[in-house]
Protein chains: 2
Amino acid sequence: MGYKHSIEEILDIGYDVLRKNGYHNVGVNQILKEAGIPKGSFYNFFESKEDFAIKVVNRYGESNAKWMEVFFENPQLSPMESLKSFYKFMIDTNEKDEFLSGCIVNNMSIEIGRISDTMATSANEQFLSWLDILASVVQKGQELKEITTKFTALEIAEYLHAGFYGTFSRMKVTRNRKYMDIWYKLSFEFIKA
Amino acid sequence: MGYKHSIEEILDIGYDVLRKNGYHNVGVNQILKEAGIPKGSFYNFFESKEDFAIKVVNRYGESNAKWMEVFFENPQLSPMESLKSFYKFMIDTNEKDEFLSGCIVNNMSIEIGRISDTMATSANEQFLSWLDILASVVQKGQELKEITTKFTALEIAEYLHAGFYGTFSRMKVTRNRKYMDIWYKLSFEFIKA
DNA sequence: ATCAAATTAGACCGAACAGTCTATTTTTAA
DNA sequence: TTAAAAATAGACTGTTCGGTCTAATTTGAT
């Protein structure tokens with residue numbers, strides 16, 4: 001029947017805590033409290049707080065990539081439509097928690113990307129896996145002449161990713177979706193074939 | 001002849017320290033050390049670390065706005081050219097410190113925008129002042145038919161700002177300018193009239 | 001010259017930090 | 001059934017944190 005806690009369960013709770021609070025603004029003790037585990041279990045599973053945060057990012061990154069794969073398999077939507085639907089969903093998701101959290105990989109990258117090479121590497125790997133998926137959708141859109149072929153699919157994916165992520169800082173200080181909606185409107189108009 | 005230290009001098013050193021290290025990753029003692037001031041002076045000038053960080057952000061924001069005003073007054077460049085030149089300069093600036101720091105207002109927004117309402121308000125005010133300046137340049141470009149009139153000048157300014165800021169997280173984890181260059185190439189192609 | 005105000009100076013404080021340690025319990029494998 | 005291994009449990013540690021406090025010094029105003 002296994003032990004009381006699993007690494008995965010702790011990582012999932014860690015995802016919520018770290019996404020909301022960032023890295024340095026939350027202590028290991030608070031993570032333990034929210035996860036309901038003793039310190040011994042935490043340091044049995046993880047080498048350090050940094051190791052924990054990296055594993056949280058990797059788990060989220062991989063699970064998000066899988067979710068994206070499934071999302072973009074939807075045959076009811078064209079590539080362009082599915083990209084719009086994807087980002088609309090992302091904006092709506094941020095609205096649900098009142099624009100306070102953003103993306104954990106972005107938050108970790110900005111806060112500790114500079115001081116933790118291992119975090120930087122992990123964050124980059126997760127970004128790249130997402131960008132690959134986005135690029136393959138863009139490419140399909142280009143083949144169907146929905147999306148401009150002026151630039152490569154990966155360039156357009158990078159462009160979409162950058163734009164969306166840039167709205168996070170405005171979102172966090174204004175706490176509304178106005179700027180995300182502006183980005184959405186302009187970007188999808190611009191990448192039209 | 002005045003006292004040994006001035007608020008402005010401490011804020012300027014604080015700008016470097018906070019931009020590089022973020023908020024929670026640097027202690028007040030380290031700031032004192034780098035600025036060469038005793039703790040008594042710090043807490044004589046500032047109510048708290050948070051108050052200090054907010055004043056750093058405001059000072060930088062205002063000085064950057066003034067710099068932007070001057071930059072965009074250059075009569076040798078057209079509006080579109082000056083926008084491109086501005087962002088090229090920004091990318092080059094980040095390259096100079098090895099892509100490790102980014103923008104202090106972005107960093108503070110992402111890290112503590114959620115937990116400090118006053119920081120969020122200040123960051124937003126600075127962003128807005130920059131966006132106003134960008135929007136006025138965009139508008140001139142629209143009047144000269146250099147820039148698309150499909151969207152308002154402020155929308156295009158928000159769009160440029162978001163895109164550029166989004167490249168910071170990729171920059172911080174890859175430590176190169178590739179993604180900033182992609183964003184630059186696509187964005188300025190897209191906003192052409 | 002005098003005095004109040006501002007600045008300088010750094011020792012000091014309780015709280016919180018990440019991480020260690022030992023003991024105990026539970027599970028798995030032999 | 002038993003021994004090893006893994007997980008649970010939380011008290012404890014040394015360090016660093018933001019912030020306070022008192023005293024000395026410097027400055028500007030009168």
Side-chain angles (χ1 to χ4, degrees), chain A residues 1-15 17-18 20-57 59 104 107-108 111-119 122, chain B residues 1-57 59 104 107-108 111-119 122:
Chain A
M1 58 172 282
Y3 291 98
K4 281 194 185 175
H5 310 287
S6 71
I7 292 186
E8 289 74 23
E9 170 210 338
I10 301 170
L11 290 177
D12 286 342
I13 291 161
Y15 168 74
V17 178
L18 290 182
K20 199 187 281 181
N21 300 292
Y23 184 80
H24 288 105
N25 189 45
V26 70
V28 171
N29 282 319
Q30 187 181 334
I31 294 163
L32 303 178
K33 202 176 165 188
E34 301 218 21
I37 54 166
K39 197 162 260 193
S41 294
F42 183 89
Y43 281 98
N44 177 52
F45 288 137
F46 311 107
E47 278 180 24
S48 62
K49 185 188 180 187
E50 187 189 350
D51 176 53
F52 169 71
I54 289 164
K55 283 181 173 142
V56 166
V57 161
R59 178 172 166 84
I104 191 174
N107 296 349
M108 293 297 125
E111 187 178 344
I112 58 169
R114 188 196 114 91
I115 56 169
S116 167
D117 287 348
T118 42
M119 176 61 88
S122 284
Chain B
M1 58 171 285
Y3 290 98
K4 282 193 184 176
H5 310 288
S6 70
I7 291 187
E8 289 73 24
E9 170 211 338
I10 302 170
L11 289 178
D12 285 343
I13 291 160
Y15 168 74
D16 288 331
V17 178
L18 290 182
R19 182 170 93 104
K20 199 186 281 180
N21 299 292
Y23 185 80
H24 287 105
N25 191 46
V26 69
V28 171
N29 282 318
Q30 188 182 332
I31 294 164
L32 303 178
K33 202 176 167 189
E34 301 218 21
I37 56 167
K39 198 164 260 192
S41 294
F42 184 90
Y43 283 98
N44 177 52
F45 289 137
F46 311 107
E47 280 180 22
S48 62
K49 185 188 180 188
E50 186 190 350
D51 176 53
F52 169 70
I54 289 164
K55 282 178 172 143
V56 167
V57 162
R59 179 172 165 84
I104 192 176
N107 295 350
M108 293 297 125
E111 187 178 345
I112 58 169
R114 187 197 114 91
I115 56 169
S116 167
D117 286 349
T118 42
M119 176 60 89
S122 284

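Chain letters run A, B, ... following the sequence lines, proteins first, then strands; residues in each count from 1.
B:G40 comes within 4.0 angstrom of a base, heavy atoms only.
We find that CG of B:L32 is positioned 9 Å from P of D:dG18, with the value rounded to whole Å. Spacing between atom NZ of A:K39 and atom C1' of C:dT20 amounts to 9 Å, rounded to whole angstrom units. Taking atom NZ on A:K33 and atom P on C:dA18, their separation rounds to 15 Å, with Å as the unit. In this structure, OH of A:Y43 is placed 17 Å from P of D:dT13, rounded to the nearest angstrom. Rounding to whole angstrom units, CZ of residue B:F42 and P of C:dA9 are separated by 16 Å. Atoms CZ (B:F46) and P (C:dT8) sit 11 Å apart, rounded to a whole Å. Summarising the geometry, the separation between NE2 on A:H24 and P on C:dA16 is reported as 18 Å, rounded to the nearest angstrom. One interatomic measurement links the two molecules: CG of B:N25 to P of D:dG18, which rounds to 11 Å at whole-angstrom precision.
Which of D:dG18, C:dT8, C:dA18 sits closest to the side chain of B:P38 comes down to C:dT8.
For the pair A:G36 and A:N29, both in contact range of DNA chain D, the more 5′-proximal nearest nucleotide belongs to A:G36.
The number of heavy atoms from other shown groups lying within 6.0 Å of CD (A:E47) does not exceed 12.
Here the side chain of A:E50 pairs no donor or acceptor atom with the backbone of A:S116 at under 3.5 angstrom. At distances below 3.5 Å, at least one donor-acceptor pair connects side-chain atoms of A:R114 with backbone N or O atoms of B:K20. For B:N44 (side chain) and B:G40 (main-chain N/O), no donor-acceptor pair under 3.5 Å exists by modelled atom type. Remark: the backbone N or O of A:H24 is paired with a side-chain donor or acceptor of A:E111 at under 3.5 angstrom.
Applying the 4.0 Å criterion to OP1 and OP2 of D:dG18, one finds that B:K49 has a side-chain N or O inside that range.
B:Y23 carries B:K49 over the face of its six-membered ring, with the cationic atom under 6.0 Å from the centre and within 45° of the normal.
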Kindly give the atom pairs (protein nitrogen or oxygen, nucleotide nitrogen or oxygen) under 3.5 Å for nucleotides 3-7 of chain C.
residue : atom : partner : partner atom : Å
C:dA6   : N3   : B:Y3    : OH           : 3.3
C:dT7   : OP2  : B:N44   : ND2          : 2.9
C:dT7   : O5'  : B:N44   : ND2          : 3.3

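In plain terms, the two heavy atoms of A:F45 and A:K55 that are nearest each other are O-NZ, 4.2 Å.
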